[in-house]
Engineer: 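So that we are looking at the same thing, I have put the structure below in structure tokens.
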Amino acid sequence: MDCPEAKGSEAAVACPSNDALEEILSRLHDKPLCRFKCVSKAWCSLIVDLLRRGKCIQTLKLLGFFYGSGGENYGLFTDLPGCSAPPADRSFSFLTQQIGIKYVFLLDSCNGLLLFGHREDPDAAVDSLGYIVCNPTTEQWVAVPSSGWPGGSEAFEHDSSCTFLIFDPDASSEFKLLQLWHFMGDAGVRTYSSESGVWSCRASEWRYSAIRYSAGSAFVNGMLHFVVPCINNDKDQIVVIDAEGKTRKIIQMPENSGFLAFVGLSHGHLHCIKSHMREMTELSIWVLEDYDTGEWVLKHTVSTLELFGRTSCELDFHFTVVAIHPDRNLVFFLQRGNQKLISYDMDRREVCALCAPGDNNMDERVLRTLGDSYRSITPYVPYFSKSLALARKN
């Protein structure tokens, strides 16, 4: 099968033309593509080039997690066992080489793009915060100016203000930013469009006093879903807003009480993870089977003893739900006390630790720790196509 090794008439028979080979390889999914990289150096180079040019089938594959704090430790990465990351500069050195981009921190991700905040120095005025939207696979990026709102914002520090990235490659190559903010009794929504290059305000439509940013978010049906705590702490709600910042729907939680720990997308359905009280002994995982009617179905339950070896845990203090796998029954947790990242397999009821980068020891006793570098973490599903929206250097 190694075409470059074939000679003469044998090569003409054994090896298709470059155009034909590109056509064949572009129709394959990621697993066979990775295997065909081993055929020859020429095939490997061709496949890498196809991925960079976005000529291959896009697959929803979670490769790992980007995480960081700020300054120099803003773009760290830990991969999942058995996953190979696409060619990319994981250090994001191409960002900090730009003038005026010095203090950088990770905020969000959506369908292969990452959102960073940046300032010239960490002590600069809070309304000087600018943004960077980046595709780490293609190394494309674009700068977004500050919205001008005070406090608006380092989402990992202030639940009163947070900025989300919205990107739907099936609908458009453009992206949008959605900033939710409340301060001293005032509240509002600001949106940014990569197409127009300007911020727009919808302050009159935002009536909620807080967002539980640590409970995650989900981009479903072209709209953003996130958790808003109820005033009486009896029942959380999922608020649905579109890319223009308009509230479209309120999804009530299953059962009458409980603390919502996380909301995310898996197997094409909205999922939520909740407990019955803040001091918990058990977590329940629910799936929204019917989006239109709001019908929730209980998918799984697991005790904190199974997960963490403790009969009870306090949410946000002892652990945080980081993500739910987009196409497998896996939930990822961060243990706050030791900063260790673990996964829980609902089908096998198994807890596994993620290994450190470059560590070939897959023994479950080797635990991945995020250390002092952790302040924000987001799952990464690569997007291989280049985008005109990221080619405009604002």
Engineer: Kindly say whether the aromatic ring centers of Phe65 and Phe332 come within a distance under 6.0 Å.
Structural biologist: yes
Engineer: Using 30° and 60° as the class boundaries, would you call the ring planes of Trp199 and Tyr131 parallel, tilted or perpendicular?
Structural biologist: tilted
Engineer: Is there a side-chain contact between Asp79 and Leu63 in this structure, where contact means two heavy atoms from C-beta onward sitting under 4.5 Å apart?
Structural biologist: no
Engineer: For a 4.5 angstrom cut-off between non-hydrogen side-chain atoms, does Val189 reach Thr247?
Structural biologist: no
Engineer: Under the side-chain contact (heavy atoms from CB on, under 4.5 Å) rule, what do Ser193 and Glu174 come out as? Steps first, then yes or no, please.
Structural biologist: CA-CA 8 Å; Ser193 168; Glu174 303 294 333; 5.6 Å; no
Engineer: So does Ser387 get a backbone contact from the side chain of Gln140, meaning a donor-acceptor N/O pair under 3.5 Å?
Structural biologist: yes
Engineer: In terms of hydrophobic clusters joined by side-chain contacts under 4.5 Å, are Tyr291 and Val263 together?
Structural biologist: yes
Engineer: Work out which heavy atom in Phe66 is nearest to a heavy atom in Leu114; give both atom names and the distance.
Structural biologist: CD1-CD1, 3.7 Å
Engineer: Taking Val297 as the starting point, is it possible to reach Val331 by hopping between hydrophobic residues whose side chains are less than 4.5 Å apart?
Structural biologist: no
Engineer: Got a second to check how far Gln179's CD is from Ser147's OG, nearest 0.5 Å?
Structural biologist: 3.5 Å
Engineer: Just so I know, are the side chains of Leu270 and Ile251 near enough to count as touching, which here means a heavy-atom distance under 4.5 Å?
Structural biologist: yes
Engineer: Give the minimum heavy-atom separation between Leu390 and Cys134, together with the two atoms involved.
Structural biologist: CD1-C, 4.5 Å
Engineer: Would you compute the distance between atom NZ of Lys299 and atom CD1 of Ile324 and round it to the nearest 0.5 angstrom?
Structural biologist: 5.5 Å
Engineer: Stepwise, does the side-chain contact (heavy atoms from CB on, under 4.5 Å) test hold for Asn111 with Phe167?
Structural biologist: CA-CA 6 Å; Asn111 289 324; Phe167 175 58; 3.9 Å; yes
Engineer: Flag yes if more than 12 heavy atoms outside Arg349 fall under 6.0 Å of its CZ atom; otherwise flag no.
Structural biologist: yes
Engineer: Quick one: do Phe164 and Ile250 end up in the same hydrophobic cluster if we chain Ile, Leu, Val, Met, Phe, Trp and Tyr together by side-chain heavy atoms under 4.5 Å apart?
Structural biologist: yes
Engineer: Hey, could you give me the OG1/NZ distance between Thr138 and Lys386, rounded to the nearest 0.5 Å?
Structural biologist: 6.5 Å
Engineer: Is there a side-chain contact between Tyr380 and Pro136 in this structure, where contact means two heavy atoms from C-beta onward sitting under 4.5 Å apart?
Structural biologist: yes
Engineer: Taking all heavy atoms of Phe219 and all of Ile166, pick out the closest pair and write down the distance.
Structural biologist: CE1-CG2, 3.4 Å
Engineer: Hey, does the side chain of Thr320 reach the backbone of Leu334 with a donor-acceptor pair shorter than 3.5 angstrom?
Structural biologist: no
Engineer: Once you round to the nearest 0.5 Å, how far does CH2 of Trp296 lie from CD of Glu289?
Structural biologist: 10.5 Å
Engineer: Apply side-chain contact (heavy atoms from CB on, under 4.5 Å) to the pair Asp327 and His325, showing each step before the final yes or no.
Structural biologist: CA-CA 6 Å; Asp327 57 7; His325 200 286; 2.7 Å; yes
Engineer: Taking side chain as C-beta onward, heavy atoms only, is Phe226 less than 4.5 Å from Leu180?
Structural biologist: yes
Engineer: Please round to the nearest 0.5 Å and tell me the distance separating atom CE of Met346 and atom CG of Leu330.
Structural biologist: 7.0 Å
Engineer: Nearest heavy-atom pair of Asn135 and Ser385: which atoms, and what distance?
Structural biologist: ND2-O, 3.7 Å
Engineer: Start with the C-alpha distance between Ile285 and Asn329, add both sets of side-chain angles, then the distance that settles side-chain contact (heavy atoms from CB on, under 4.5 Å), and finish with yes or no.
Structural biologist: CA-CA 10 Å; Ile285 301 167; Asn329 289 327; over 6 Å; no
Engineer: Heavy atoms only: give me the nearest Gly245-Leu178 pair and the separation to one decimal.
Structural biologist: CA-CD1, 3.7 Å
Engineer: Between Thr163 and Asp108, is there a side-chain heavy-atom distance shorter than 4.5 Å?
Structural biologist: no
Engineer: Is there side-chain contact between Met253 and Gln237, with at least one heavy-atom pair below 4.5 Å?
Structural biologist: no
Engineer: Find the distance between CD1 (Ile377) and OG1 (Thr78) and round it off to the nearest 0.5 Å.
Structural biologist: 8.0 Å
Engineer: Mind checking whether His269 and Leu288 have side chains closer than 4.5 Å, heavy atoms only?
Structural biologist: no
Engineer: Say whether Val287 and Val227 are linked into one hydrophobic cluster, either directly or through other cluster members, by side-chain heavy-atom distances under 4.5 angstrom.
Structural biologist: no
Engineer: Looking only at non-hydrogen atoms, find the nearest pair between Leu80 and Gly64 and report the distance.
Structural biologist: CG-CA, 3.9 Å
Engineer: Applying ring-ring contact (aromatic ring centres under 6.0 Å, His included) between Phe333 and each of Phe262, Phe308, Tyr344, report the one that passes.
Structural biologist: Phe308
Engineer: Do Thr191 and Glu244 pass the side chain to side chain donor-acceptor pair (under 3.5 Å) test, and can you show the C-alpha distance, the side-chain angles, and the key distance before you say yes or no?
Structural biologist: CA-CA 6 Å; Thr191 61; Glu244 304 302 322; 4.8 Å; no
